[in-house]
Amino acid sequence: MPELPEVEHAARTLRRLALGRRVARVVLDGRARRLFRPDGPAAVAAALTGARLAAVDRRGKQLLLTLEGAEGVVGLNSHLGMTGKWEAGPRWSPGGTGGSSGSGGSSGPGAPPLPPHVRAALLLDDGSAVHYDDPRMFGRLRLVPGARFEALAEVAALGPDPLHDGIDAAALATGLAATRRPVKVALLDQGLLAGVGNIHAAEACWRARLDPRRRADRLSRAEVAALARGLRATFRFALAKLDGPDIEYIEAGGDNPFHVYGREGARCRHPGCGGAVRRVVQAQRSTFYCPRCQR
DNA sequence: ACCCGTGTTCGCTG
DNA sequence: TCAGCGAACACGGG
């Protein structure tokens, strides 16, 4: 799920579903231990239970939740990894035996069973629920005491956020000039610009008509400016898609909404180009581009 | 069975 | 000293 547009979408989803609500119960997949590093499922469940969701923020691909509990303010840092998503869960009834959410966070007596791949269920005080779904478990849910997110190394290391700070071409040029790596690989560095991932790095290069294999430190100012525009455009495009009715994206049989990503062999969509999209591998990741118009 | 995958971290190397 | 590279993580889908 995760590049900046989808993480932003996740933040909006969480605000819509849960902002201002109290977490009445927490049910966690106790086997998904790596997801709850370093606190462990039990500590996460204990910290969240009874707390009210006061804020949902995002920096790059990092989701930053602020909760107010009996013990004071606690932060929850959610990273979606490769396949994480937040979604509405089924309604629930408090009734039951009060079968605690506390005992290790795993589903105890009376706890509703979690659907496959749902690693965490937050049961809210109005009978609604939100689920964190993550089949591959590359994501992370960790506590941040006092919601002091700046104390997290992964947050402190982030570069400017495209939505909060904008994309400054001069700053981008400075960052790119500092590395000899290929430009598409350089764009994946979260310290350069927070939130760029494999899809949008390739899409931005395509929009800038820039060969993704070019050395980052050898781009002209005009090329970096075009890249900055390409990044703004591809993020804007994806966010509009996510706001729209067809959220299916690339999975679940949904149409591929991208211009080069996942389109190996297809025709380049730049007017009058007609080149064939090619796939190469850079830094162990697929890169898609049009050899004809991307120079 | 085999290959691929929207991300990140870690250890090694030159 | 450190930029850059490749393996590893874990699981489902084509």
Side-chain angles (χ1 to χ4, degrees), chain A residues 1-11 13 29-38 58-63 77-87 114-119 132-142 152-159 162 175-206 212-213 215-218 231 234-235 237-239 241-242 247-265 279-288:
Chain A
M1 250 242 144
E3 281 188 46
L4 183 144
E6 279 136 318
V7 181
E8 174 63 20
H9 187 255
T13 298
D29 176 358
R31 292 165 307 179
R33 299 203 62 88
R34 66 168 273 121
L35 210 54
F36 301 103
R37 290 170 307 159
R58 179 198 55 75
R59 291 291 307 179
K61 301 173 193 174
Q62 303 282 354
L63 281 170
N77 169 218
S78 165
H79 192 292
L80 304 179
M82 291 276 269
T83 55
K85 65 176 100 171
W86 285 96
E87 60 199 3
L114 295 174
H117 316 312
V118 171
R119 311 303 180 182
Y132 177 68
D133 183 300
D134 189 355
R136 285 176 73 179
M137 294 190 290
F138 283 176
R140 175 134 82 166
L141 286 167
R142 75 215 273 207
L152 294 179
E154 290 85 346
V155 172
L158 293 176
L176 291 173
T179 178
R180 301 158 61 91
R181 307 158 94 188
V183 57
K184 201 221 77 173
V185 177
L187 284 172
L188 298 180
D189 179 352
Q190 301 301 293
L192 177 67
L193 196 59
V196 182
N198 200 42
I199 292 179
H200 291 289
E203 293 289 300
C205 287
W206 177 82
R213 301 168 302 172
R215 262 176 58 164
D217 60 352
R218 290 190 181 163
L231 285 161
T234 191
F235 284 148
F237 174 81
L239 276 167
K241 277 275 179 200
L242 289 166
I247 296 186
E248 289 313 311
Y249 236 45
I250 197 169
E251 55 193 287
D255 289 335
N256 177 359
F258 304 114
H259 298 273
V260 283
Y261 183 83
R263 297 188 67 240
E264 182 177 17
R279 174 183 175 272
V280 295
V281 174
Q282 296 181 290
Q284 307 179 104
R285 314 295 303 277
S286 285
T287 296
F288 299 89

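Since the structure is predicted, the reported quantities are computational estimates derived from the model, not experimental observations. Side-chain atoms are counted along with the backbone in the values below, which use heavy atoms only and exclude waters and symmetry mates. We name chains A, B, ... by the order of the sequence lines, and we start the count at 1 in each one.
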Between [M] and [N], how far apart are the [atom1] atoms? Round to whole Å, please.
N: dC3(B); M: dA7(C); atom1: P; answer: 14 Å
N: dG11(B); M: dA10(C); atom1: P; answer: 16 Å
N: dG6(C); M: dC4(B); atom1: P; answer: 16 Å
N: dT8(B); M: dG13(C); atom1: P; answer: 23 Å

Practice task
Rounded to the nearest angstrom, tell me the gap between atom CG in Asp134(A) and atom P in dG5(B).
Solution key: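 To the nearest whole Å, that distance equals 18 Å.
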Practice task
For dT8(B), take OP1 and OP2 only and decide whether either is under 4.0 Å from a side-chain N or O of Lys61(A).
Solution key: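 For dT8(B), OP1/OP2 do have a side-chain N/O of Lys61(A) under 4.0 Å.
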Handout entry: Base dG5(B) to side chain Arg136(A), donor-acceptor N/O within 3.5 Å cut-off
Key =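 Side chain to base: pair present.
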Problem - Nucleotide forming a Watson-Crick or wobble pair with dT6(B), both distances under 3.5 Å - result: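 Across any shown strand, dT6(B) pairs with none.
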Handout entry: Sole candidate of Arg140(A), Gln190(A), Arg59(A) that passes side-chain hydrogen bond (donor to acceptor under 3.5 Å, both in side chains) when paired with Glu154(A)
Key =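 Of all the options given, the one that passes is Arg140(A).
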Problem - Validation row: Cys205(A), Val183(A) side chains within 4.5 angstrom (heavy atoms) - result: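 When only atoms from C-beta onward are counted, Val183(A) and Cys205(A) do touch, with a gap below 4.5 Å.
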Handout entry: Residue closer to the 5' end of DNA chain C, His117(A) versus Gln284(A) (nearest nucleotide)
Key =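 The residue whose closest nucleotide sits nearer the 5' end is Gln284(A).
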Exercise for the section: Look at the aromatic rings of His259(A) and Trp206(A) and report parallel, tilted or perpendicular, splitting at 30° and 60°. Expected result: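 Rings of His259(A) and Trp206(A): parallel, under 30°.
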